[in-house]
Protein chains: 2
Amino acid sequence: MTRDDRQKYMDAPKIRNMEEFAALSGLSRPTISKYFHDPGSVRASTRTKIEEALERYDYRPNIYAMNQNRRLTKNIGIMVPNLADPFFAEIARKIEGLVIAAGYRPMLVSSHDGPAHEIDNLDQLRSLKPAGVLLAPVGRASVKEAVAAFIEDMPTVLFDSNIDGLGDAFVGHDNRQATEIMVEYLVRTGEPPVFFEMRNPPNPNAFKRQNAYAAAMEALGLTPHFIRIEGEGWNFEEIGYTEGLRVIAERRLPSDTILCSNDRLAIGLLAAAYEKGWRVGRGAGYALRIAGHDDHPFARFTSPSLTTTSQNYADIARHAVKTLVALVESGARASARETTLFDGKLVMRASA
Amino acid sequence: MTRDDRQKYMDAPKIRNMEEFAALSGLSRPTISKYFHDPGSVRASTRTKIEEALERYDYRPNIYAMNQNRRLTKNIGIMVPNLADPFFAEIARKIEGLVIAAGYRPMLVSSHDGPAHEIDNLDQLRSLKPAGVLLAPVGRASVKEAVAAFIEDMPTVLFDSNIDGLGDAFVGHDNRQATEIMVEYLVRTGEPPVFFEMRNPPNPNAFKRQNAYAAAMEALGLTPHFIRIEGEGWNFEEIGYTEGLRVIAERRLPSDTILCSNDRLAIGLLAAAYEKGWRVGRGAGYALRIAGHDDHPFARFTSPSLTTTSQNYADIARHAVKTLVALVESGARASARETTLFDGKLVMRASA
DNA sequence: ACCTGTATTTTACGCGCGTAAAAAATTTCG
DNA sequence: CGAAATTTTTTACGCGCGTAAAATACAGGT
């Protein structure tokens with residue numbers, strides 16, 4: 001706490017509202033209002049006066065009163081499927097920072113992997129009257145009609161997971177390209193991979209990866225093989241582990257190389273392989289190669305560390321926010337829906 | 001989407017405000033206001049009328065107008081050190097659910113492990129005028145004076161990490177007890193453990209665990225040993241991994257049993273041990289035993305799975321919310337600061 | 001000093017709801 | 001059935017700020 005801060009807390013009279021603050025700074029209330037709406041919209045000398053007063057008196061406008069009678073709030077809603085997944089936690093954090101940098105207030109909600117929560121969140125967000133929303137739908141179970149109704153009301157950019165023609169834009173990861181480079185790498189360096197995936201994956205990206213795997217294999221003149229595991233819900237590590245144990249016990253492996261649909265399944269499968277004493281890695285002396293997809297924050301610390309393809313979530317976040325902010329500030333809705341995909345990269349580690 | 005919902009979206013006229021809704025439901029506006037403030041405060045027949053109208057017309061009060069001129073909002077602030085840590089994500093989610101169940105609106109913020117963010121968040125929360133706040137401070141670097149000033153203004157329950165006499169109550173994990181049962185277990189089943197910890201841990205719980213380890217060892221007539229590793233910041237897995245590699249390479253191990261200050265360090269250390277080919281587990285044929293602390297969501301899926309002590313975060317969350325809600329609803333501040341600790345449990349897995 | 005264009009002030013109104021007090025209606029109970 | 005207790009309505013005001021329009025002050029250029 002600096003001396004100035006202390007002074008602010010000690011000496012300064014409590015400012016009750018913008019009227020008082022305007023009087024103390026020698027300006028009119030509407031001017032102050034304008035300043036808070038956009039500091040660049042007032043004369044430089046005026047801005048200086050306001051900012052000096054701000055340092056002396058520590059006034060902040062009441063956010064409820066601000067938004068109460070505003071045409072458009074400065075809020076931007078962010079909705080992710082599940083904040084307890086470090087992957088989404090990371091990308092949400094990145095987006096939050098970009099939203100703040102753009103001069104907006106992020107309002108983050110998590111759907112906890114549940115379509116019911118997702119609808120609640122949509123209502124929740126609607127009541128916050130955001131200027132726009134960044135939406136990562138929960139998945140194929142996502143209630144499309146509710147999302148569609150929501151999207152009519154305000155600018156919305158989808159990310160991570162696409163839903164048909166919904167939203168003003170979609171920004172995401174190129175599952176096809178990323179799967180392709182992994183398949184090529186695996187084929188080039190060892191046995192062709194089998195694809196390890198849930199029979200009923202809750203996430204729509206899973207289908208894209210599945211198809212991309214099949215296409216990449218066929219392009220190389222190889223026959224795709226799938227291990228379709230059981231299990232419902234989002235507890236991927238657990239599903240990968242349980243079904244991994246079963247698959248290993250039953251020796252249902254057409255290849256020594258397993259490409260998992262995502263890192264979380266791979267993390268579970270690695271645990272199963274370790275427990276069964278199967279050595280995972282590339283080269284002589286190893287029984288299995290395992291690869292993932294996403295470059296999950298924990299993929300560096302599995303044993304062995306996980307070879308995977310990374311999502312370029314820095315660019316995904318940047319482009320999603322940029323697109324939404326442009327939309328919001330133009331005051332219009334997108335004329336044509338634009339889809340932007342960013343390439344993934346091969347992240348070579350020890351597991352494959 | 002049910003037939004009723006569709007009807008709501010299609011047929012119903014858009015309700016602009018509470019006045020209109022009151023007219024349509026045949027009641028006066030203040031009665032509606034009272035209902036939303038507390039549905040139980042109106043006669044049963046009146047409540048029925050309102051709820052029927054609510055189903056027909058899909059009206060929701062404007063939250064900005066609601067809070068604008070209210071003595072006390074129905075908001076409860078929740079602040080955690082870092083939502084990207086699955087441990088905090090889990091407990092935050094649990095708390096959110098309890099807060100909603102208690103009839104309040106949770107407002108969740110994360111400090112991203114930074115004291116600067118923490119102060120921002122305090123300001124942020126203050127401007128939301130919550131009825132009370134659940135606060136998990138970032139750690140010893142936490143700006144105590146800012147927190148103290150904040151706490152004067154509204155009921156605050158600290159959790160996870162204690163700060164001296166601050167807040168109306170503290171609810172947390174019994175680090176001493178949990179460390180003790182782990183030390184006893186390790187001593188009973190093998191070599192006495194050394195304690196693996198950062199030289200300058202950012203988290204204050206680290207010191208409690210350190211002291212508890214020393215006390216537990218001495219109580220058993222043993223000499224405590226510490227491996228104090230380098231590294232700054234919150235990237236515990238990375239620090240545990242990097243320093244784990246060094247410790248193993250330099251053979252600075254006074255025992256084959258390592259008790260890590262927390263699971264995240266242990267996860268890093270496990271990765272290092274694996275990479276160096278040291279087999280981790282209990283019994284013959286294993287070079288090392290490694291144990292953690294916290295029962296991190298990923299501890300089940302490490303290789304080998306991690307033996308640890310769990311925090312009873314279900315009860316911690318429940319008691320923290322209960323305490324705060326009682327405080328808020330009494331309208332008073334706590335007369336005496338109450339500290340409540342919940343016991344941890346030994347979680348035996350494969351690593352020790 | 002004059003003109004022009006932008007910044008600011010003045011004036012005025014309204015947003016949607018909370019809240020308080022008093023009047024009216026309803027329920028409860030003797 | 002009437003009085004008391006409770007609920008609801010009426011009435012009235014205010015919260016803190018957004019916003020619009022018109023009046024005024026100010027900057028830069030000639």
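Computed from a prediction, not measured in an experiment: that's the story for all the values here. Per chain, numbering begins at 1; letters A, B, ... match sequence-line order.
For A:L27, counting side-chain heavy atoms from C-beta on, the closest listed nucleotide (D:dT9, C:dT9, D:dG16) is C:dT9. Of the candidate nucleotides C:dA7, D:dT8, D:dT11, D:dT11 has the atom lying nearest to any side-chain atom of B:P30.
Computed from coordinates, the A:N67 CG to C:dC17 C1' distance equals 15 Å when rounded to whole Å. Between A:R16 atom CZ and D:dC15 atom P there is a gap of 9 Å when expressed in whole angstrom units. Atom C1' of nucleotide C:dC15 and atom CD of B:E20 are separated by 13 Å, given to the nearest angstrom. Look at CD on B:Q68: it is 9 Å from C1' on C:dG18, rounded to the nearest Å. Protein atom CZ of A:F36 is 15 Å distant from nucleotide atom P of D:dT19, rounded to whole Å. One can place NZ of A:K74 at 16 Å from C1' of D:dC17, the figure rounded to the nearest angstrom. Atom P of nucleotide D:dG16 and atom CG of A:N17 are separated by 5 Å, given to the nearest angstrom. If you take CG of A:N62 and C1' of D:dG16, they are 6 Å apart, rounded to a whole angstrom.
Contacts of A:Y35 with the nucleic acid, taken as non-hydrogen atoms under 4.0 Å apart, are absent. Within the nucleic acid shown, B:F21 has no heavy atom closer than 4.0 Å to any nucleic acid atom. Residue A:P61 is classed as a sugar-phosphate contact, given heavy-atom separations below 4.0 Å to backbone atoms only.
For the pair A:T73 (side chain) and A:K129 (backbone), a donor-acceptor distance under 3.5 Å is present. Looking at A:Q68, its side chain never comes within 3.5 Å of a backbone N or O of B:Y64 through a donor-acceptor pair.
Taking the nucleotide of DNA chain C with the nearest heavy atom to each of A:A44 and B:A65, the more 5' of the two is matched to A:A44. Of the residues near DNA chain D, A:Y59 and B:R43, the one whose nearest nucleotide (by heavy atom distance) lies more toward the 5' end is B:R43.
For A:T31, a side-chain nitrogen or oxygen approaches OP1 or OP2 of C:dT9 to under 4.0 Å. Considering only side-chain N and O atoms, B:T46 lies under 4.0 angstrom from the phosphate OP1 or OP2 of D:dT8. Between B:S33 and C:dC17 there is no side-chain polar atom (N or O) within less than 4.0 angstrom of OP1 or OP2. The shortest distance between the side-chain N/O atoms of B:R70 and the OP1/OP2 oxygens of D:dG16 is not below 4.0 Å.
Donor-acceptor pairing under 3.5 Å, judged by distance alone, is present between the side chain of B:R29 and the base of C:dG18.
Each of A:I76, A:V321, A:L324 was evaluated against A:L98; a single residue qualifies, A:V321, per the side chain to side chain contact (heavy atoms under 4.5 Å, CB included) test. A side chain to side chain contact (heavy atoms under 4.5 Å, CB included) with A:L122 is found for one member of A:V133, A:V147, A:V109 and no other, namely A:V147.
Under the 4.0 Å criterion applied to side-chain N and carboxylate O atoms, A:D168 and A:R337 are not assigned as salt-bridge partners.
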